[in-house]
There are 2 protein chains.
Amino acid sequence: MFTETDCADEHCALSPPQAAYQSRPAKASRTQVRCSSCSMRSACMPSGFSAPDLTRFDAIVSATRLVKRGDALYRTNDPFQSIYAVRAGSFKTVVMHRDGREQVIGFHLAGEVLGLDGVYTEHHSSDAIALEDSSVCIIPYVLLEQMCAESKALQQQVLRTMSGEIVRESSLMMLLGTMSAEQRVANFLLNLSSRMQARGYSPNEFNLRMTREEMGNYLGMKLETVSRMFSKFQRDGLVQTRGKQIRIVDIEALERV
Amino acid sequence: MFTETDCADEHCALSPPQAAYQSRPAKASRTQVRCSSCSMRSACMPSGFSAPDLTRFDAIVSATRLVKRGDALYRTNDPFQSIYAVRAGSFKTVVMHRDGREQVIGFHLAGEVLGLDGVYTEHHSSDAIALEDSSVCIIPYVLLEQMCAESKALQQQVLRTMSGEIVRESSLMMLLGTMSAEQRVANFLLNLSSRMQARGYSPNEFNLRMTREEMGNYLGMKLETVSRMFSKFQRDGLVQTRGKQIRIVDIEALERV
DNA sequence: CGCGCACTTGAAGCCAATCAAATCGGGTGG
DNA sequence: CCACCCGATTTGATTGGCTTCAAGTGCGCG
């Protein structure tokens, strides 16, 4: 929900280099962006918004921010002020263990929301790192809260989004708690595939924006194991990979794993 | 948040058997219960509620329901109508894999909320099973939504609760993704310990309400492994166990694991 | 061109799962 | 009250899957 994109870019790096990327702390750009004309809108705001709702919402989402590959949108313990919608690019969110090991909580594509973890304590409890040069819409939380009191549709949407995050995390726990390495990787690819499809890309062929290690940190396994599973799927004719390029050859077989 | 208990019972089974337990689908009892006089209130509604807020909230939480040990409060795909606050007793929430393996998503003690997963699709995405004879406060979601539009404090509280659930699940993912069996069990005991303490019980000595298998399904391991870790901690003088009774002897050592 | 980083692949080791058996404990019926 | 039963738990022996360690390859970029 809540994203805006006026550029129909390739969901990879930001399309034209309209401005030099800023380093943190970055000033947000105030170029007029509009949800009403955003190409991510269908992914971002699943219907139900009336025209006046949309107009009001446009008003509070007046800024965007560019985040360079590898940079943080926010970090653990940063004070919570806004949630973000990915306009273009992609992010990972990560929680760190004291010993340095990290668990990737999620990968976030264009049209998805980031930062809801901060509502609880008013501080973020994870790091959000850009996997590529990316841009986000900034949604100041106090304004969102305020608008929720005024618009029933928006309130419902916010609650639904939060609940969706809870459900998403539940199924990741299922994956981490009960599945074999092979099943985890298959599951991961299928999940990415359907999300790519929902964004209008081919579900069978796309680019992985994260490293094997990041996938491993997401799936609860080592990068070598991820690599081995990719090789195995390739041997068995389920996928074809070349580095970060992936082509899903036999989606049904992948589902049966 | 949102629990009520007028009986200061032993956080285990329901205190006096005031009524025969009903089987599902159960009619909710309409005995007058009040958040304002609820012993779980501090755990349930972390301050910030004005007197009028509280009164209004009392009005929508007018019913409770008894759930017998082993029975479901709701099941996956049940239509979502209410969220629940545990008044007395305890629950597990579970998601099932197609092959029958199950992942326990959480254990819920008195004063904790259940059912937020249902907001997303208007159907529950997990089963909630009572670990012992328990009772819950029923909070009809449509009324809650409505009241959220009227009370800023309540709206904030609901959003915070949801966010808290997201954060809680994140740290469980961290556990499942990165920790050894030993660390998982230690972590689990410490977590329970602090929650018992928050409820006014001894943090060092309490009853485990779930079986070894349920702990294993929560921690992503087999019941035998859970048992072995308990034995190991006992050998090393960190805890003493006798069946479901547990006494934490060396909490610092447990934290260092 | 060559450096560094990401990735692949092989071999060995280890932790947790599996299989198996014994014990405990609570509840029941004789 | 006691014998018995069944589920829960503990413990041991073995297996297997994933990690660890190590070496080598591929590739983008300065």
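Keep in mind that the numbers below use all heavy atoms, side chains included, and drop hydrogens, waters and symmetry copies. First the proteins, then the strands, lettered A, B, ... as listed; each starts at 1.
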Quick one: are A:Leu131 and A:Glu214 in side-chain contact, heavy atoms under 4.5 Å?
yes
Where the side chain of A:Met221 is defined as all heavy atoms beyond and including C-beta, which of D:dT19, D:dT10, D:dT9 is the nearest nucleotide?
D:dT19
In this structure, how many angstroms lie between the [atom2] atom of [N] and the [atom1] atom of [X], rounded?
X        : N      : atom1 : atom2 : value
B:Glu224 : D:dT11 : CD    : P     : 13 Å
A:Leu219 : D:dC18 : CG    : P     : 12 Å
B:Lys232 : D:dT11 : NZ    : P     : 14 Å
A:Gln245 : C:dC7  : CD    : C1'   : 15 Å
A:Asn217 : C:dC7  : CG    : P     : 12 Å
B:Lys244 : D:dT9  : NZ    : P     : 4 Å
A:Leu223 : D:dT19 : CG    : C1'   : 11 Å
B:Arg212 : D:dT11 : CZ    : P     : 10 Å

Taking B:Asp133 first and then B:Arg69, would you say they form a salt bridge - that is, a charged N and a carboxylate O separated by under 4.0 Å?
no
Name the residue from A:Thr76, A:Asp78, A:Asp117 that meets the side chain to side chain donor-acceptor pair (under 3.5 Å) definition with A:His124.
A:Asp117
Under 3.5 Å, side chain of A:Arg65 to main-chain N/O of A:Leu73, donor-acceptor pair present?
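Yes; at least one donor-acceptor contact below 3.5 Å.
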Distance check: side-chain N/O of [X] vs OP1/OP2 of [N], anything under 4.0 Å?
X        : N      : value
B:Ser231 : D:dT11 : yes
A:Lys222 : D:dT20 : yes
A:Arg228 : D:dT19 : no
B:Thr225 : C:dA17 : yes
A:Ser227 : C:dT9  : no

Take atom CD of B:Glu213 as the centre, draw a 6.0 Å sphere, and report whether it contains more than 12 heavy atoms from other residues, nucleotides or ligands.
no
By the 4.0 Å heavy-atom rule, please label A:Arg242 as base, sugar-phosphate, or nothing.
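Contact class for A:Arg242: sugar-phosphate only.
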A:Gly220 or B:Met215: which one's nearest nucleotide on DNA chain D is closer to the 5' end?
B:Met215
